[in-house]
Amino acid sequence: MMTVASACYKDIVMDNGKYVRYTPEQVEALERLYHECPKPSSMRRQQLIRECPILSNIEPKQIKVWFQNRRCREKQRIEASRLQAVNRKLTAMNKLLMEENDRLQKQVSHLVYENTFFRQHTQNNATADTNTSCESVVTSGQHNLTPQQHPPKDASPAGLLSIAEETLAVFLSKATGTAVEWVQMPGMKPGPDSIGIVAISHGCPGVAARACGLVGLEPTRVAEILKDRLSWFRDCRAVDVLNALSTGNGGTIELLYMQLYAPTTLAPARDFWLLRYTSVLEDGSLVVCERSLNNTQNGPSMPPTQHFVRAEMLPSGYLIRPCEGGGSIIHLVDHMDLEPWSVPEVLRPLYESSALLAQKTTMAALRHLRQISQEVSQPNVSGWGRRPAALRALSQRLSKGFNEAVNGFNDEGWSLLESDGMDDVTVLINSSPAKMMGLNIAYANDFPSMSNGVLCAKASMLLQNVPPAILLRFLREHRSEWADSGIDAYAAAAVKAGPCTLPVSPAGNFGGQVILPLAHTIEHEEFMEVIKLENMGYREDMMMPGDIFLLQLCSGVDENSVGSCAELIFAPIDASFSDDAPIIPCGFRIIPLDSRMDTSSPNRTLDLASALEVGAAGNKMCGDVSGHCGSTKSVMTIAFQFAFEMHLQDNVASMARQYVRSIIASVQRVALALSPSGVGSNPGFRPHPGAPEAHTLARWICQSYKCYLGVELVKDEGSEPVLKSLWHHSDAVLCCSLKGVPVFTFGNQAGLDMLETTLVALQDMSLEKIFDENGRKALWSEFPQIMQQGFMWVEGGMCVSSMGRPISYERAVAWKVLNQEEEETAHCICFMFINWSFV
C-alpha cells in the first residue's frame, strides 16, 4: 500500500500552467476510492470531486488519468508477481530435471559396468578349463549364501527400528538412485505445466511406479495429505493404525493394516500389513516410507482376513524436500506385489501393469496434491467451485459407494441372493443400508421410512479392441441407448419418496438428457455433473415431477492416457439434496487389460471414421487400425443398486437381473460397433447401402466443392491426405442423405465436436433436429435451390447440439456432392458451418 501511495504521490497535475504534486491526503483519498471502484465512470468521477473536498482542485480529466495509471501499475504488479512465481517454478523444475539427468547418467554408467562385467565373465567362462569352472561355481554358490549378513528382526522397538532404517535406505535408492531400472511412462512428457516426471519399472519383481513433481505446499502439509490415503486413493477401503512408537532420532514408526477394494467382481480384494516410518533427513527433507511385514522378517504378524488376499508392499514412500521460495519437491515411489496368481489368467495383466499402478496410485497422489495446492493459492479459480472440500467429499462418496457395491463385503451387511439359474448377474441384498452408507445416527433413524433395504445387481464382462474412453463417452452422451427411463424413475422414487411400485416400461424414449457441469479437477481427468432427464414417462399413480436429476462422476475420458481406467458413476438426487443425504451409486468401470506399453493414437477417431465402411478397402482399413493400435482387451464392471421395500424383494431382484442383462446386451452392441474389427459384421451401425468408402467420399466432397464454388476446400495430395485434411478442417463439415427426412451420414472432427456426438451416433440424427422451427422452414425452402444451382450460401444463425446446447455460426455453405463414378449423380448434401461456437 505504501509503495503504491509513494508511486501515486509522484504523479503531477496541471494547475494554472504549473505542475504540482498530489498531496499525501489526496493520494490516500484516491487510493480509498480506487479500492471501492477501480474503473469509475465520468459521472462517478464528478461525484467523487463533490464528495471529497480535498479533490476539488483536481480536474476530472486528471482524475481519469490517475485511475488509468493506477490500473496499469496494478496490472504490472500482478504480472510481475506471476512471472516471479513462474520463474521460481521453472527454477525448481530445472533443478528436478538436472537431478533426474544425473540419476539417468548413473543408471547408464551402472548398466555399462554390468555389460562389461558380463562380457568379461562370458569370455572367461569360454576360455577357462573344467577345474576353474568348478571352482567358479563353488565360489558363486558361497557368494549367494549371505543370510548371516541380514540377521532376523523381531517385534521389539529395536527390531522395528532396524526394519525401518533398512526400508528407508532401500526406498531412497529407488527414489533417487539406480536400485530399479525406471523407464519414462509413455505419453508423459515433463514440463512446467505437466504433472511431473512419471516413470514405471522395467524388469523388477512386482509392479512399480515413480513420480517427481512440484507442489505449492509445505513438506509437513504434503506428508499429512499423503498419509491420509482415504482422502485421495479411491481404491483404499480402510487404513487402521494399530500401534505407533517414537524413535530416538525424532522419527515415528507405525504399524498399519490397509484394505484395498477389488476393481472388478472377478477378483478378490487385497489387504496389507505394513510398517510406516516417518523421519527427517540431515538436509531437512521429510521422508515417509512403508513396507510389508511378513514372517521372513520375524516381525509382528497379522492373520489373514476372510475375503482378502494378502498382498505385499515392497519399500515405497514419499521423499519431500522444501523448495526455495516455498512449496515442495516430491519423489513418490509405489512398489507392490499384488499376487496375480490369485486371479483368473485373463485378469493378470491388471495386477502386472506398472502403468495402471502409476495412474491409479502414484499419479493420483500427485494430482490430489496439485488440486489442493491450487485451491489454497487460487480459491476463487478452482474448478471445484467455492466448496472444493465438499465436492471432493461428494465424489469420494460416489466412488466409495460404487466400490462397496462391486465388492459386497459381509461386514457391510451384504448377503448373496440365490441365483435364478444363470451366473451372468450376481444379486446381493443389504438389509442395513444405513450402515453401508455411513449415515449419521439422526438420518439413519429416518432411513426405514424410505426403504428397508438395498439390492445390488452386478456383472463383469470382457471387451475386445474397444478403447475404454471412447466407449465411456458414448455411454455418457447417449444414455437412451442403454438405459430404461422406467427404471430411472423407480430408482429416483425410491430415494426421494418412499414406498413405490415397480416400474413399467414407458411408451416412448427419453424426453431428453441435459448435462449440467458442476465441477472438475485442474487437469480435467475427473469431472462431476448433474444430469437432468426431462419429461420422463411414469405411471399415473406415481406422483412425481416430470424431471429426474442424477449426480454423476466421470473420469478416464482421455483416450491418450496409458493404463488408465474409465468410470461413469451416478446416483439419483433431488432438489433438497444435502451433504448427509443417502447416495446409492450405480455405474460402469472399464479397465484396460493390456500389460504392454503402447500409446493410444491421437487420431483414434479418424481411424474409427475410416473403419466405419464397407467393401474391400474398408476392411483393409480395419486391418490397418488393428495393426496400428494393437488388439486391446478390457474388463467392464457394471453395478446397479436399488432401494426397495422388503416385501418387494423377489420382484425387484427379478427386475434388476433383467435390467442389467439388457444393459450388457446394449453395451455389447455398442462395443461391437466401436470396435474396428466388428464394424462390418454389425448391420445395426453400418452406413446405408451404397455408401462409399471414407477416402472416396472425402474426394467427392472436395471435388464438388471446387466444381460449384471454384476454390479448393483442402489441398489435393492424394486420397489419404485429402481425408486427413478434411477430417482436421477447422470448420464443421457434415454430410446428410437425400431422403425425405435427411439424416447425417458423415462428419469431420469439428462437425462431431459441434454436435457433441460420435460418428456412430451421428448416423441416427436427422438434419431437422439441429434447427428450430424457423430454421427448418428456411432450410426446406432452400433445398430446391441447392439441387438446381448446386450450392447455396446461408447467413449466420443458430442451431443446437445433441446435448441441447445452442450453437452460433458466422455463416454456412451447402453444396451438392456428386458421385463422380455414376455420371455425376447427386449422392448427398454437404454443409460447412464457418466459425461456429457454443453460446
Side-chain angles (χ1 to χ4, degrees), residues 96-119 121-122 167 169-191 194-213 270 289-292 311-319 330-341 343 345 347-366 560-565 591-601 629-633:
L96 190 62
L97 291 174
M98 291 178 65
E99 292 175 352
E100 181 69 6
N101 183 63
D102 291 340
R103 189 195 65 80
L104 292 174
Q105 291 289 348
K106 292 179 182 178
Q107 183 173 334
V108 169
S109 301
H110 180 71
L111 293 175
V112 170
Y113 171 79
E114 284 189 342
N115 184 47
T116 304
F117 172 79
F118 285 126
R119 283 184 176 180
H121 186 68
T122 302
T167 304
V170 177
F171 160 69
L172 291 176
S173 67
K174 294 179 182 179
T176 60
T178 59
V180 173
E181 182 181 350
W182 300 109
V183 295
Q184 181 176 313
M185 185 168 173
M188 300 298 300
K189 296 182 179 180
S194 69
I195 189 174
I197 303 170
V198 182
I200 54 178
S201 62
H202 176 68
C204 75
V207 291
R210 172 181 177 269
C212 311
R270 291 329 192 232
C289 56
E290 298 173 317
R291 77 176 304 163
S292 286
E312 181 182 5
M313 179 180 291
L314 288 78
S316 307
Y318 323 113
L319 170 62
I330 309 171
H331 297 254
L332 303 93
V333 173
D334 289 293
H335 193 177
M336 299 181 183
D337 184 352
L338 296 173
E339 306 295 345
W341 58 266
V343 301
E345 186 174 355
L347 291 182
R348 289 182 185 175
L350 202 63
Y351 295 80
E352 298 171 341
S353 171
S354 294
L356 188 62
L357 177 70
Q359 283 279 357
K360 299 185 69 175
T361 308
T362 318
M363 293 171 61
L366 202 52
N560 295 322
S561 295
V562 179
S564 63
C565 70
I591 312 175
L593 292 176
D594 290 326
S595 58
R596 67 183 185 278
M597 291 293 93
D598 57 343
T599 55
S600 300
S601 170
C629 298
S631 177
T632 60
K633 294 181 181 179

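Positions are given from 1 along the sequence. These numbers come from a predicted model, not from an experiment.
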Exercise for review: Output yes when a side-chain donor or acceptor of Arg270 lies under 3.5 Å from a complementary backbone atom of Glu339, and no otherwise.
Suggested key: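 Checking the backbone N and O of Glu339 against the side chain of Arg270, a donor-acceptor pair under 3.5 Å is found.
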
Practice item. Please identify each residue that fulfils side-chain contact (heavy atoms from CB on, under 4.5 Å) with Ala364, with sequence neighbours left out. Key: Trp232

Practice item. Please identify each residue that fulfils side-chain contact (heavy atoms from CB on, under 4.5 Å) with Ala199, with sequence neighbours left out. Key: Trp182

So, for [X] and [Y], which heavy atoms are closest and what is the spacing to 0.1 Å?
X      : Y      : answer
Asp337 : Ala311 : O-CB, 3.6 Å
Leu332 : Ala365 : CD2-CB, 3.7 Å
Ala175 : Val333 : CA-CG2, 3.8 Å
Ala355 : Met185 : O-CE, 3.7 Å
Thr176 : Leu319 : CG2-CD2, 3.8 Å

Quick one: side-chain hydrogen bond (donor to acceptor under 3.5 Å, both in side chains) partners of [X], sequence neighbours excluded?
X      : result
Glu181 : none
Ser201 : Ser354
Thr362 : Asp334

Within the structure provided, determine whether [X] and [Y] are in side-chain contact (heavy-atom separation under 4.5 Å).
X      : Y      : result
Glu290 : Thr167 : no
Val343 : Leu350 : no
Met336 : Met313 : yes
Lys633 : Pro349 : no

Within this structure, what is the [atom1]-[atom2] distance for the pair [X] and [Y], rounded to the nearest 0.5 Å?
X      : Y      : atom1 : atom2 : result
Glu312 : His335 : CD    : NE2   : 8.5 Å
Glu352 : Leu593 : CD    : CG    : 11.0 Å
Ile330 : Cys212 : CD1   : SG    : 10.0 Å
Ile197 : His331 : CD1   : NE2   : 8.0 Å

Study note, to complete from the structure: For residues 204-213, the salt bridge (charged side-chain N to carboxylate O under 4.0 Å, His left out) pairs (sequence neighbours left out) are Glu100-Arg210

